[in-house]
Amino acid sequence: MLEAENLETGYGPMQILWGITIKAEKQSITTIIGPNGAGKTTILRAIMGMIQPWNGKITYDGDDVTMLPPHKKVERGLSMVLEGRHLFGGMTVKENLILGAYTKQARERLDDSLEIVYTLFPILKERSTQKAGTLSGGQQQMLAIARALMTRPKLIMLDEPSQGLAPIVVEQVMDTLKKLREELEITILLVEQNVLVSYHTADYTYIIENGQVVKEGEPSECIDIQEIRKAYLGV
Amino acid sequence: KQPAPTPTPESKPAPEATPSPEAKVPEKIVIGGTLSLSGKYANEGQMSLWGIQAALKWLNDVNGGIDIGGKKVKVEFKYYDDEAKKETVQSLYDRLITVDKVDVLLAPYSSGLTLAAAPIADKNGKVYMSHGGASDRIFEQGYTYVVQTLSPASKYQTGALDMVKAIDPTAKRVAFVYEDSEFSKAVFKGAKEYAEQLGFEVVFDKTYPRNPTDLTPLLSEMKAAEPDIILGGGHFADGQLLATQLAELKINAKLVSIIVAPALPKFYDALGVKAEGIVGPGQWEVGVKYSPEAAKAKGIEYFGPTQDEFMQYFKEVAGEDKTPSYHAAEAGAAILAIAKAIENAQSTDSDAIRNAFNNLHMITFFGEFKIDPTTGKQLGHEMVLFQWQGGKKVIIWPPEAATGEPYYPIPTWEEKEQGKMATK
Amino acid sequence: MKKYIQPLLPVLTLYIVLLGAGLSIPGLWQPIAFIMFYVVLGQALNMFLGMTGYVDFGYVAFLGLGAYGMALAFSLFTDDGLGSGIIVVGFLMAVIFSILLSMAVGAIALRLRGAYFAIATIGVSEGFKYLIEGARLWGGSEGIIISSQLRDSFGSEMANYLSTFASDILIFAIGILAAILTVYTLHTRAGYALMALREDEDAAKVMGVNVTKYKVMAFGMSAVFAGLIGASAWTLKLTYVFPEDVFNIIYTVEAIVIVMLGGAGTLAGPVVGGLIYGILRYYLATVLPGFQLLVVAPLLVLIVTVFPDGVVGYIKRKLKGSRFSKYVI
Amino acid sequence: MVFFEQLAGNLLYGIILGAVYGLATMGLSQIFGVLKIVNVGHGAFIMVGAYVAYWMFVLYSVNPILSIPVALVIGLALGLGIFYIVIRRLIGAPELASLLATFGIGIFIEEVAKFFWGPDHRGFSWNIGQVDFGITLIPNTKLLAFFSSVIIALILYMLFQRTRIGAAIRAVVEDREGAMVCGIDVSRIYAMSFGIGIAMTVIGGILLTLFIPVGINPYMGGEYTLKAFVIAVLGGLGSPWGAFIGGFIFGLLENGSYTILGLIPGVEPFSLTRFVAFSALLVILLVKPTGLMGGE
Amino acid sequence: MVLLKLEKVTKRFGGLVAVNEVSLEIKHGDSIGIVGPNGSGKTTLFNLISGVYMPDEGRIFLEDQDITELPAFKRAPLGIARSFQIPRPFRSATVRENVAVGAMFGAHGEKMSVDEAMSIADHYIDLVGLGDKRLELADKLTAVEKKLLELARALAMKPKLLLLDEVVAGMNPNDVDKIVSLIKKIKEEEKIAAVAMVEHVIPAVMKFAERVMVMNEGKKMVEGATMEVLKMKEVAEVYFGTSQTIGESGDARG
Ligand SMILES: Nc1ncnc2c1ncn2[C@@H]1O[C@H](COP(=O)(O)OP(=O)(O)OP(=O)(O)O)[C@@H](O)[C@H]1O
Ligand SMILES: Nc1ncnc2c1ncn2[C@@H]1O[C@H](COP(=O)(O)OP(=O)(O)OP(=O)(O)O)[C@@H](O)[C@H]1O
Ligand SMILES: [Mg+2]
Ligand SMILES: [Mg+2]
C-alpha cells in the first residue's frame, strides 16, 4: 500500500533521517516506535509531503508520490493526525469536522462520516458548537483523530494519538482503528510511544533510532514485553 | 508678538553699475533649490521645474546670460527632489551650498519646507528666494536673506471681494469654506479681515480637514446660511471636491471663488461644464497684461521674456499640450528676479544681491516685483482673478489686467446641467 | 562590563565614523544628520517593538508631542529670561508630554493584542492630530513657528547654529544613549521579562512576570526617546511644528521599515536599517531627482526578500556560535 | 428642525460613504486575515482602481459600474503577480517583514502611476441625475456606488461563508498544517486570498471614484490606507464583512457627528469629526478588544 | 501543615461548569496525582490555582494567605509553579534563557541577578537532561524536549507547590520512568513542599503519587491513597473502561 524507500530528509542543513525504508501492507496496522527525537514525526511528515524528502522514494498504491504536495495525497486517500493536534481553534467542532471532509470524495460521504466519528466520540457530538480551541486536551486529540477520519482515508497515519487521552478512550480508539481496518479496509501507520498499545495493536513494527531503522518485525519479535513492563511499571 | 527686526544691509549704498576691479567675473552662475517632484506637492513641483526651465531658456539663449562686468554669464539651475518631506530639505540645501557651490538658493515649495531650510540658508548667508512659500509668517521670523516673489497668502481672496463690491453692491452675504491647514487659514484670515473692512457680512466661516471624502455635512449647513458669494478651497483634490459637491447639493451663489484647484486645466477636464463660471485667484494667468509696453507706461523696467515667449519656452520643455499654471510662472519669475538682482549687484556676493533686491523694482511676465526691504515680503506683485468661461480661463480682475468681462452672477447648477456656459 | 561593551562596539564605531566623517568632510554634515534621524528613529521604536513584539502604529504621536513640547516652551517662555535654559525646559516638556501620553495609551491600549494594539494606536495619533486642529489647541492647524523666538533668545548666529548643528549633535547623543540603554536593558531582568512577554504573555505571567509593568516601562522608555527626537530633529532643527507634519503616520511606517530592514530586536538592526534607508533615499534623490523612488522601492522589496529577518538578523544567524557572536545582539 | 434635517441628511450620506469605505477595506482585512500581512500599500491599489475607472470613462466612455469586471481582472492579475514575485517568499518570515515589502510595493505603484500619468489631479463628470430625499439631494452615481458596494459585499459574504473555498480560507487562517492534512492546497489559498484581496481593493477604488469622481492622483491612496486600517480593526481583523460593517460605522461617525459638534463654539467641527471617529475606535476596542466581528 | 487549600472552587465557561465546587487540601510533603476523564476539569483546576483563570466561586488559600484574587504574576513569587499541558516555550529564546526567566521571576526573590539566574538555569537544564540543547532555540526542540523544558522552567522557579500537567505524555516508557524518578528526587533534594501531577499515563501516577484525586465532570469524585482509589470500580467505569482494571500484573493500558 505504502512504501518509503531510503528516505532522507531534515530541517535546514540538519539531516534527521538517514535512509529509512518502511512498508505498510494493505489493511495492516504498522507501528513505528523509538526514543524521543528519533525522527518518527519526521518520517510521517515526509511521507505526507509536509517537508520535502531530500532523497528516496515514496510509493503509494503503486504510484510514485514522492513529490506530491499534501493536498494531493489527501485526495488520494492518505490522511494524517498531526502531533500537537493542529485544529482550527477558532472554529467549532462541527466546522472542523466538515473541513476534514474537504476533498470531493470525502464530501460525498460527509453524513456517513459524521455518524462514524460521533459514534466513536460522543462528546464531539455533544460539543459540536464549542470552539475547538477551548476543548480540553484530550477532547482536542479526539477531534484531531475524528477530523482525519473525515477525509475518508485509505491509509491513515497517526502521530501519537493516545497522547493525553484517558485510558478508556485510548482503548476505544484502538478498537475503532481495528474495526475501521476491517470494515472500511483502511491501512494504518501508527507512531506510538505507548509501547503496550503498539504491542497489542500492531501487525508489524519498526523501531527507529537516530533516523534509522534499527529493528523491524512483528511486535512480539522486536518488543520485549517483559522489559517494557519492567521499565514502565517497575514490576 | 512683534517680529524681530531684521538687520538688513539697508544702509549700504546701492552697488555701482560697474564691477569693482577686484570682483572676479564668475564662469557661470548656479541657482540651486529643491523641488517636490514626488509626494504631495508633485504637481506643483513639476510645474515649477518646467517654469524654471522655460525662464532659463530665455535667460541663457535669448539674453545670453547675466551681464556682469560686460560679460554674459550663463545661469544653471541645480535641483534635487525633496519629496515634500521636511527632513530632506536641510541636507539637500546644505549639499547645494557646500558641494554644488550654488550662488543663490530657490526655496522649496510650501511654507513649511521654506521654513525648514531657512536656517541653512541663513547660516551660510545665501539669498533664499521663496517662490512657493506664501505664508506671511515666514517673513516675520527675522531671517536676513529670504525674499519672496509671489503675493502672500493673505492676498489670495481679496480680489474676489473687491470685484463683487465693485460690480454688485447688493451681494452682502459671504461664506467661507476652506481647508483646515496652515496655508488656507492664512488665506481666509486675510480674506475675512478684508471682507469685514469692505462691509460684507460673513455668514459662514468653517473649515474641513485635509483630504476630505465628503463635504455634505459642511455644505448643507452652509446652504442654510444662504450666502451670496462663496469663497473656499485649499488644494487640488479638495477644491475639485468642493465644486463637485456644490453642484450635487445644488448650492447656488452669485459667485464661487476657489483657491488653487481651478487654476489647473485639469480642473475643467474633471468637472466639465460644472466648472463654468467658477472663479479662482491666481498669482498669474495666461493672458495677463504684463508687457514691456505696460511697463513703459508705468515707467518701470521690464525684464525677461514676454508672456508669449514664456509660453513658447514652456511648451518646449513641458510638451505642446501643457499650459503653465501659476506655479510655473512664479518659479520662472523667481529665477528672473534672481538674475536681475545679480545683474544689478554685478556680483554673486549674497549681501550685494540681497541689497540689490531691496532696490529692485521691475515688471516681468509674472507682474511687478518689489519687496519690503526689512522682511523680504513681496509688495509689488498683484494677484489676478480668473473665471472659467466657455472652457477657457478668462482674467476678470483687476480691470487693468482683465482680458474679459466677469460673468456675474454665475450660472446656476441647474442651468449648467442644461449646458449653459458662463459666456454671454 | 565586557558583555555590555562588546555588543555596543560595532554600533559605537559606526557612530564615531559617521560623526568623524560629518565633521571633517565638507557637505557631509547635513546628509549624515538626515541619515541619523532615521537611525535614531529606528532605535527608539526598536526599544518597544523589538523588545515587546508590540507594533505601535501611532508611534509618531510621541515624536509629535515631543516636538510640541519644545515648541510650546519657546512660545510660552521666550520672554522669561531663561536664556539657553529654555531648551532644557523644552526637552523637559517633551519628555513629560511623551510620558504622559505613553501612560494614557498604555493604560488603555496595552491590554489589546497584536494588530489590534497596533491600529488602536493609530487612533491615538490621528485622534490627537485632529484634536489639535479641531479644538484649535496650540495654534491649531497653523501650528507653531519658533524661528523668531529662537532668534530673540539666542541671536541669529546662535539660532542658526542650533538648527544646523547643535540639534544634530543632540540626535547623535540621543542615539548613543538609546543604544546604551538598550544593551543595558537586554542584560537585566527587565530584558528577560520583555523577551518572555514578547514570546508568550500568558506563560510569562504564570512564571511571575508582571507583564503590564514591563510593557509600560518599555513603552514609556521608547516614548521618551521619540519625544526627544521630535523636540530636537523637528522643532529645534526645522524651527516649526505643523500638526499635519508631525502626526504623519508615514514616520511610524518608516520607523518600522527601518527596524525590519536591520532586524527587529537586535541592537545594531535599526542602526544598519537606518543607514540603508537613509543613504538610499538621500543619494538616489540627488542622482535621480524625481525618479529615485522608482529605484528605492524595488530595492527595499529586494532586500526584504533576501533578508526576511533583516540584515543584522541575518548576520546574527550566520555568526551564531562563532566568536564574533558576542558583538551582534 | 433644520438641525435634525441636516443630521438626517448627513447620516444618509454617511451610510453611503460607509458602504464605500467598507468595500474599500474588505481586501485589506482579507489579506491580513489569511496571510497576516499588514498591507501598508493598500491605498496604492485603491488609486489603481480610481485610474481604471477614470481611463475607462475618459477613453472608452465606459461607465464606472461596467469597469468593475475590468478592475477585477486587473486586480487579480496585479495581486497574483505580486504574490508570486514577492509575497510568496515572505511566508513564514516575521510578520512585519511583509509590511516592509508592501510599503515598497505601494510606493513603487504610486511612482509608476506618476511616471505614466503625471502628478495631475484628474477627474470626470458622470451625471445621471439625482434623487431628492427631501432632507437632501443625492446624485444617482452615489446611490449606484452604495448599491454596488452592498451587492459586492453580499457576494463576497456568500463566497466566504457559504462556499468550500471560504471555509478553506478560514481553515488556513486558523492552522496551516491542519489545513494541509484536510486536503486543502494551502499555497493556492494564499495566492487566491492575496489576489482576491487586491482585486477587492481595486474595485473599492472604482466605487470610491463613483462617490467622488475627482481628485484622482497617484498619491490619493494614502488617506484611505489609514482609514482602512482603522475600519478593518473596528470590524474585527480578518473578517471582511466585519470590515464592511466597520465602514458603515466610520462613515456614520464621520458625517453624523458634524451637526452635533457644530454646536460647540470656537472649534473646527469638521476636524473634530475625525477626532470622534478615531476615538470611537479606541472606545470600541476597549469594550470589545478584537473588534466588532473579531474572534478570540 | 496545609500548603494549598481549595474551598468549593467553581469555574464556568458559559453554560459549562468546568470545575464544580472542588475542595482540596494539599499538605507539605504531598505528592498528589490528579486523574480523570478527558475534559473533567483537571487543567482548568491548575489554571485556577496558578491564576490563569479566576474562579467564579470559592476561595483558594496558600499557606493561609487568601490568593483567590491574586493575579498570576504575583502567585509565582509566592511559590506556585506549573507546566503547561500543551508546551508554551518562549520560542525564539534559547533553552537556557527560557529556564533563566523562571529563575528570575519565580520564588527566589527580586534580588536574583541575571548571572545567578543563568547558573540556576544550567543546573535544572542538566537535571532534566537537556544539557546539550542549552543554547538551542526552544522552537527547535521536539515535542518531548519541550515538555522537559516546561519542567525545567517550573523547577527553576523554586516552587513550594509544583503543578505538572501531563509532563510525561508522549514520552517513551524508559523516559517516563526516568522522569518520574527524577521528579521524586528533585522534590526531596530541592525541598519542594508539594507536587501535584495530572497524568493519563497511569504507571507514572502509580509510581509517583501517594494520594490521588479523581475528577469527573468538573467534580471531585474520590480522593484517597493511590492504589486504593485506582482500583475502585467507579473509577474504572469512568476512566479505565470496564474491561480493564489495574491488576497486580500491572498490565494496564494507558
Ligand atoms: N522544525 C524543526 N526544525 C529543526 N529541527 C527539528 C524540527 N522539528 C524536529 N527537529 C529535530 O528533528 C529531530 C527528530 O524530530 P522528530 O519530531 O521527528 O522526533 P520524534 O521521533 O517524533 O520525537 P518525539 O517522540 O519526541 O515526538 C529532533 O532532533 C528534532 O530536534
Ligand atoms: N476557555 C474555555 N472556554 C470554554 N470551555 C472550556 C475552556 N477551557 C476548558 N473548557 C472546557 O472545560 C472542560 C474542562 O477542561 P479541562 O481542560 O480542564 O479538562 P482536563 O480535565 O484537563 O481534560 P484533559 O485530560 O483532556 O486535558 C472541558 O469540557 C473543556 O472543553
Ligand atoms: Mg514526534
Ligand atoms: Mg488537561
Side-chain angles (χ1 to χ4, degrees), chain C residues 1-4 7 49-53 110-111 183-217 263-266 269 308-310 312-314 316-323 325-326 328-329, chain E residues 46-47 49-53 70-84 86-94 96-118 121 135-139 149-150 153-154 156-159 163 165:
Chain C
M1 218 40 216
K2 215 165 128 198
K3 71 178 180 199
Y4 297 120
L49 185 151
M51 287 195 198
T52 63
L110 275 175
R111 302 189 315 177
V183 173
Y184 177 73
T185 311
L186 282 177
H187 284 98
T188 57
R189 289 162 59 89
Y192 285 87
L194 290 169
M195 176 276 287
L197 79 88
R198 177 180 68 212
E199 298 288 330
D200 189 330
E201 222 170 301
D202 291 326
K205 275 186 202 159
V206 177
M207 293 173 68
V209 178
N210 185 348
V211 293
T212 316
K213 174 176 132 189
Y214 288 105
K215 260 193 288 189
V216 170
M217 195 193 88
T266 62
D309 295 315
V312 175
Y314 177 83
K316 187 174 159 184
R317 205 144 34 83
K318 285 276 134 166
L319 287 181
K320 197 177 158 235
S322 87
R323 70 201 161 89
S325 66
K326 296 190 275 302
V328 183
I329 63 168
Chain E
F46 273 14
N47 282 334
I49 300 173
S50 60
V52 174
Y53 295 142
L70 221 54
F73 72 89
K74 287 194 178 155
R75 297 187 194 197
L78 296 180
I80 297 180
R82 68 165 300 173
S83 73
F84 285 96
I86 297 164
R88 305 179 71 159
F90 305 131
R91 292 166 170 282
S92 67
T94 62
R96 193 178 192 214
E97 289 166 336
N98 260 278
V99 181
V101 170
M104 264 179 253
F105 296 93
H108 291 277
E110 294 272 306
K111 289 279 177 298
M112 166 80 39
S113 78
V114 172
D115 290 338
E116 278 173 280
M118 286 295 171
L135 297 177
E136 204 51 72
L137 294 185
D139 204 21
L149 175 59
E150 284 279 333
R153 221 162 54 164
M157 289 167 70
K158 197 183 162 203
L163 308 170
D165 198 353

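Proteins come first, then strands; the chains are lettered A, B, ... in the order of their sequence lines, and each starts at number 1. It should be emphasised that the depicted structure is a prediction, and the values quoted were computed from it without experimental measurement.
- A cation-pi contact links C:R189 to E:F105, judged by a cut-off of 6.0 Å to the six-membered ring centre and 45° from its axis.
- For C:E199 (side chain) and E:P89 (main-chain N/O), no donor-acceptor pair under 3.5 Å exists by modelled atom type.
- Most heavy-atom pairs under 4.5 Å with chain C: of the set E:G51, E:G106, E:G102, E:A76, this distinction falls to E:A76.
- We find the CZ-CG distance between E:F84 and C:D200 to be 6.5 Å, quoted to the nearest 0.5 Å.
- Here the closest heavy-atom approach between residue E:P77 and residue C:G208 is recorded as CD-CA, 4.3 Å.
- Of the atoms belonging to E:R75, not a single heavy atom falls under 4.5 Å from chain C.
- Here E:A72 is the residue among E:A138, E:A72, E:A154 with the most heavy-atom pairs under 4.5 Å with chain C.
- Most heavy-atom pairs under 4.5 Å with chain C: of the set E:P71, E:A81, E:S92, this distinction falls to E:S92.
- Contact annotation: the side chain of C:V206 approaches that of E:V52 to within less than 4.5 Å [non-hydrogen atoms, C-beta and beyond].
- We find the CZ-CE distance between E:R153 and C:M207 to be 4.5 Å, quoted to the nearest 0.5 Å.
- Within the 4.5 angstrom heavy-atom criterion, atoms from both the backbone and the side chain of E:M104 approach chain C.
- Annotation: side chain of C:H187 is not in contact with side chain of E:V114 (no heavy-atom distance under 4.5 Å).
- Between atom OG of residue E:S50 and atom NZ of residue C:K205 there is a gap of 11.5 Å, rounded to the nearest 0.5 Å.
- For the options C:A196, C:G191, C:A203, C:A204, heavy-atom pairs under 4.5 Å to chain E are most numerous at C:A196.
- Heavy atoms of E:D115 lying under 4.5 Å from chain C belong exclusively to its side chain.
- With a 4.5 Å cut-off on non-hydrogen atoms, E:L78 does not touch chain C at all.
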